[in-house]
Amino acid sequence: MRALLPTWSEWKPAFRAPGTDLLSGLIVALVALPLALGFGISSGLGAAAGLATAVVAGTLAAVFGGSRFQVSGPTGAMTVVVVPIVHEHGASGVLTVGLMAGVLLVALAFAGVGRAVRFMPAPVIEGFTAGIAVVIALQQFPGALGVSGAEGEKVWQSAFDAVRRFADDPHAAAPVTALVVAVAILVGGRYLPRLPFALVAVVVATVVGRVFELPLTSIGTIPAGLAAPSFGFLRFDELTTLLLPALAVAALAALESLLSATAADAMAVGTRHDPDRELFGQGLANIAAPLFGGVPATGAIARTAVNVRSGARTRLAALTHAVILAGIVYLGAGLVADIPIAALAGVLLATTVRMVETASLTAIARASRGDAIVMAVTFFVTVAFDLVTAVVIGIGFALVLAVRAIAREANLRQVPLDESDHLGEEHALLRDHIVAYRIDGPLFFAAAHRFLLELSEVAEVRVVILRMSRVTALDTTGALVLADAVDKLEHRHITVLMSGLRDDHRARLAAMGALPSGGDEAVFPDTGSAITYARRFLPHRAH
C-alpha cells in the first residue's frame, strides 16, 4: 500500500519553482476544455459530465497516479465504450459501470498487473487506435451536420442515418462550422503547436454564430459547480448485467492510461512511470468521478503530450489543469452554454485526424503480412462492432500467428555422430545401425506433430538417439506425441536413447510415460555416453 501512495519528495520540486508547471497546466486546461465538453456530449451524458470527469478524475489521477506528466479525463476511446452502455442501461448504468471499473483498477494495481501492458502486440494497438479514430469521427456526423435524433444501434448506422436526414433537408451552417473549426485546429496546430487553437476556434465560432444568428444548436445550460448526479446508481441485483461492461471499461482505462504514460516517458528525458501506481490512481479517479456525475476516465494521450511539450516538470501541471477547469465549472458555466455543438464536433474531428499515426500504420503493414492482417482485423472489428471485441479478436489473431511462427522454428534433423576416436569397422557399424536426431526449439502442441510423427517412420536402424539439449520448451502435447513416437519405434524393436535432457523436461516426460522403456538407463547426460552405450548394446542384440 505504501508503494502506491504519493510522497512528499515528488512534490518538492513543484513548490520550489512552480512557474513552469502553472503555465503548462493553463495551456493544457485551454486544450482540455473543448475536448471535455465534446466527449461529454458524445458519451450521451452531456457536457457537464465531461467537465466533471476532467475536474475530478484529473485531480485524483494527478495526485495518486504513477506518471508525473499524465493528464486524465474523458477520452474518445472511452466514449466509444460508454455509448452502448448509455443506450442499454441509461445514465445510471454508466455511473455504476464507472464505479465498478474503478474498484477493478484498484484491485489490478494491488495485484501488480500494470506491467502486463508491455506485452500488448503493436498491430493490435495501432489497429484499435485507428478504429477508435474512425468511430469518434462517425459519432460526430449528427452534430457536424446539424441533425438531431439520428437512429442506429451501431455508430456507423447512426452516422448513415444522419447523412440521409441531412440530404433530405440540407443546411450549410453546421457542416461549414465544423469544417472550419477542424481545419483551423489542424493547420494552426501544425505551425504553432503550443497555442490552444481548439479553444480559439470554438470561441470564434460561438461569437460568429451569435452575431450572425446562425441556425446552430448550442450546448445549453450547464449546472454551475460539482454536485451529486440527479440520477442514481443501479441496484445490487442489477450489477451482474454490468459486470462485462465494467471489465471492458477497466481494461480500456488500464490500457489507454498505461500507453499514455509510456508515451510521456518517451517524450520526456530521465523519467519512468510506475504502472501499478498508475492503475491505482486511475482506479481512484473512476471511483470518484461517478459520484459527481462523471463518465469513466483514462489517461489522455493528446493532453499528456501537450503537457510535456509545454514544459511540465512535475505533477503540479496536471493538477493545475484540473483546478482551472474547476474554476470554469464554478465561475464560467454560463459562458459555455452558447457553444455550438457543430464547433465541438469540429474539434473532435480534428482530434481523430491527429490520433492516426500514418507512419506507424504503414510500417506495420510493410513489416509482414501477418502483422498487417492483425491490424486490419482489429480495425474492422472496432468500427463494425466494439472495442473490447476488437482487442480480444486482435490478440487472438496475434497469438495464433505468434504460435505459428514459433512452431516453424522447431525442427528435427538427423545429425552426424562424432566418430573421430573410433576404428574404421566401428564407424561402419555406427553408420549402418545408429542414427542420432537433434530436436531444436520448442516441442509444444503447435510443433510436435509436424516432425515427431516422421520420427516413427525411421527404418533400417537398431538404435535412435534423441539429442534433447536444444529443446527450449516442452508441453504436455509435445510429451504425448514424443511418447507415441518412442512407442512405435520400440514396437519395431528399435532401441531409443535420450541425451542432454533437462531436469524439468525429464520430470514431465516421466509423468507422461514418455521416457524410453529402458527408463533411467536409456537417458544419458551427453551424446557421447549414449553412443558408448549403443556400441556395447549392438553386439549383444546381434546374438
Side-chain angles (χ1 to χ4, degrees), residues 34-50 74-91 94 130-186 198 201-202 205-206 208-209 213-220 295 336-356 379-387 390:
L35 292 175
L37 295 171
F39 287 134
I41 293 172
S42 296
S43 70
L45 267 65
T75 64
M78 188 59 74
T79 301
V80 173
V81 177
V82 168
V83 169
I85 302 175
V86 175
H87 288 166
E88 187 171 351
H89 301 283
V94 175
I132 287 170
V134 172
V135 171
I136 296 173
L138 292 174
Q139 286 177 341
Q140 308 317 309
F141 273 44
L145 297 175
V147 174
S148 59
E151 298 178 351
E153 183 179 349
K154 300 295 182 182
V155 174
W156 58 269
Q157 293 172 330
S158 61
F160 178 80
D161 186 55
V163 172
R164 182 184 60 79
R165 295 190 182 194
F166 178 80
D168 293 338
D169 183 21
H171 44 277
V176 170
T177 299
L179 181 62
V180 170
V181 169
V183 171
I185 293 171
L186 293 174
V202 168
T206 303
V208 171
E213 297 182 352
L214 298 177
L216 296 172
T217 304
S218 61
I219 292 176
V295 297
V336 302
D338 294 328
I339 294 177
I341 292 179
L344 294 180
V347 172
L348 298 186
L349 286 172
T351 302
T352 62
V353 174
R354 289 175 168 178
M355 285 179 64
V356 179
F379 170 82
F380 174 78
V381 178
T382 300
V383 176
F385 298 97
D386 60 79
L387 180 64

Chemist: Are Gln139 and Val80 side-chain neighbours, meaning at least one heavy-atom pair lies under 4.5 Å?
Modeler: yes
Chemist: Does CD belonging to Glu88 count more than 12 external heavy atoms closer than 6.0 Å?
Modeler: no
Chemist: Is there side-chain contact between Val94 and Ser43, with heavy atoms separated by less than 4.5 Å?
Modeler: no
Chemist: Would you say the side-chain atoms of His171 pair up with the backbone N or O of Leu145, donor to acceptor, closer than 3.5 Å?
Modeler: yes
Chemist: Taking NZ, NE, NH1 and NH2 as the nitrogens, is one of them in Asp161 or Arg164 under 4.0 Å from a carboxylate oxygen of the other?
Modeler: yes
Chemist: On a heavy-atom basis, which atom in Val295 and which in Pro74 lie closest, and how many Å separate them?
Modeler: CG2-CB, 4.1 Å
Chemist: Taking all atoms of both residues into account, what is the closest heavy-atom pair of Ala205 and Val181, and its distance?
Modeler: CB-CG2, 4.1 Å
Chemist: What is the distance from atom CG of Leu37 to atom CG of Leu348, rounded to the nearest 0.5 Å?
Modeler: 10.0 Å
Chemist: Testing the basics here: between Phe141 and Val163, what is the closest heavy-atom pair and its distance to 0.1 Å?
Modeler: CD2-CG2, 3.6 Å
Chemist: Taking all non-hydrogen atoms of both residues, which atom of Pro170 and which atom of Ala167 are closest, and how far apart?
Modeler: CD-O, 3.6 Å
Chemist: Given side chains that start at C-beta, do those of Phe379 and Val134 come closer than 4.5 Å, heavy atoms only?
Modeler: yes
Chemist: Can you tell me how far the CD1 atom of Ile339 sits from the OG atom of Ser218, to the nearest 0.5 Å?
Modeler: 9.5 Å
Chemist: Can you measure from CD1 (Ile41) to CG (Leu344) and round to the nearest 0.5 angstrom?
Modeler: 5.0 Å
Chemist: Looking at every non-hydrogen atom in both residues, tell me the closest pair between Thr75 and Thr79 and how far apart they are.
Modeler: O-OG1, 2.8 Å
Chemist: Any idea which heavy atoms bring Ala137 and Thr352 closest together, and the distance?
Modeler: N-CG2, 3.7 Å
Chemist: Please tell me if the side chains of Leu349 and Val353 come closer than 4.5 Å, counting only heavy atoms from C-beta onward.
Modeler: no
